Amino acid sequence: LYLEELTYLDHHGVRRKWECSRRTDGTGAVAIIALLKPSNRIILVRQFRPPAGGHVIEFPAGLCGKGEKPEVTAIRELYEETGYSGRITGMSRPIYSSPGMTGENVRIVHMDIDERHVRNRNPETAFDDGEHIETFLVPVGKIGNFLEKMYKKGDRLDAKVVSFARGL
C-alpha cells in the first residue's frame, strides 16, 4: 500500500487535491457469494481485521494475483478460506467499496457449491500464513438474524454482506 495525493479539476474548473491509498499491484479483489445446494445456505467467514479493530463477518474474498483473472482468484480464495469448491454462475463488473479513500475495486462472484459432491463433504482449508478464518453456513432466509446476533456479540459487519442481506 502507499498513500497518494491526487490533483484534479472540480466541476467549476478549480484545481483540488485529494489524499487516498492505493495498492502497489492495483489488481483488484473478489468477494464470493457462495450458495450451498441443495440446502440453500450462504458461506460467510469471520476474521480479524486490524484496521476495523476486531473480527468482521464477510463473504470469502481475496486479492487477485498479478495477471490473475478474477474467476481464478474466486475459485482459489473460496478453497483456501473455506475448503469448498464450486462453479461460477455470475460475476459483477468492478465495483468500489470505499471510493473516497481508495481506488481498489472488487468483483462480486456468484458460485454454486454442490454440497453432495465428495470434495465438499469434509472441506479442509488452506489458509495463507497469518490467516485464521472461521466459516459459517447460514440459511439464506436467516442471514439478517445471524448478522444481528454476531453484531451484538461485538463483531463488525462488512458492507457487502449487509447490503446483500438487506436486498433479500
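Note that the structure is predicted; figures quoted are calculated from it, not measured. Along the sequence shown, residues carry numbers from 1.
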Mark yes or no for whether E77, through its side chain, and P60, through its backbone, hold a donor-acceptor pair below 3.5 Å.
no
Is there a path of hydrophobic side-chain contacts, each under 4.5 Å between heavy atoms of I, L, V, M, F, W or Y residues, that connects I95 with I33?
yes
Filter on ring-ring contact (aromatic ring centres under 6.0 Å, His included), then keep only pairs touching residues 98-122, sequence neighbours left out; what's left?
none
Check whether R46 reaches the backbone of T135 with its side chain - one donor and one acceptor, N or O, closer than 3.5 Å.
no
Y84 and L36: side-chain contact (heavy atoms from CB on, under 4.5 Å), yes or no, with the steps?
CA-CA 9 Å; Y84 285 98; L36 286 160; 3.8 Å; yes
Is there a donor-acceptor contact under 3.5 Å from the side chain of R156 to the main chain of G53?
yes
Below 4.5 Å, heavy atoms only, C-beta onward: do M150 and F136 meet side chain to side chain?
yes
Mind telling me whether W18 and Y8 have parallel, tilted or perpendicular rings, with 30° and 60° as the class edges?
perpendicular
Output every pair passing salt bridge (charged side-chain N to carboxylate O under 4.0 Å, His left out) with a member in residues 30-42, not counting sequence neighbours, ordered by first then second residue.
K37-D112, R41-E115
Side-chain atoms of residues 159-168: list all donor-acceptor pairs with protein atoms under 3.5 Å, sequence neighbours left out, distances to 0.1 Å.
unit_1, atom_1, unit_2, atom_2, d
K160, NZ, D158, OD1, 3.1
K160, NZ, D158, OD2, 3.2
S163, OG, A159, O, 2.9

Is there a path of hydrophobic side-chain contacts, each under 4.5 Å between heavy atoms of I/L/V/M/F/W/Y residues, joining L157 to V138?
yes
Heavy-atom neighbours of E124 CD exceed 12 at 6.0 Å
no
Is there a path from I75 to V45 through hydrophobic residues (I, L, V, M, F, W, Y) whose side chains come within less than 4.5 Å of each other?
no
State yes or no: do V30 and I43 share one hydrophobic cluster built from I, L, V, M, F, W and Y residues joined by side-chain heavy-atom distances below 4.5 Å, directly or via other members?
yes
Check whether any side-chain N or O of N120 sits under 3.5 Å from a backbone N or O of S85 as a donor-acceptor pair, and report yes or no.
yes
L63 side chain reached by E104 side chain, heavy atoms, under 4.5 Å
yes
Using a 4.5 Å cut-off on heavy atoms from C-beta on, say whether the side chain of R107 contacts that of T73.
no
Would you say I113 and T82 make side-chain contact, with heavy atoms under 4.5 Å?
no
Quick check: closest heavy atoms across A31 and A61, and the distance to 0.1 Å?
CA-CB, 3.9 Å
Output the distance between atom CG (N105) and atom OG (S92), rounded to the nearest 0.5 Å.
9.0 Å
Less than 4.5 Å apart, any side-chain heavy atom of T7 and any of R15?
yes
Do S21 side-chain atoms and T102 backbone N/O form a donor-acceptor pair below 3.5 Å?
no
If you define the side chain from C-beta out and look only at heavy atoms, does anything of I42 sit under 4.5 Å from F146?
no
Once rounded to the nearest 0.5 Å, what's the spacing between atom CD of Q47 and atom CD1 of I57?
10.0 Å
Check for me, please, whether I32 and V106 land in the same ILVMFWY cluster - side-chain distances under 4.5 Å, paths through other members count.
no
Can you tell me how far apart NE2 (H55) and CD (E134) are? Round to the nearest 0.5 Å.
6.5 Å
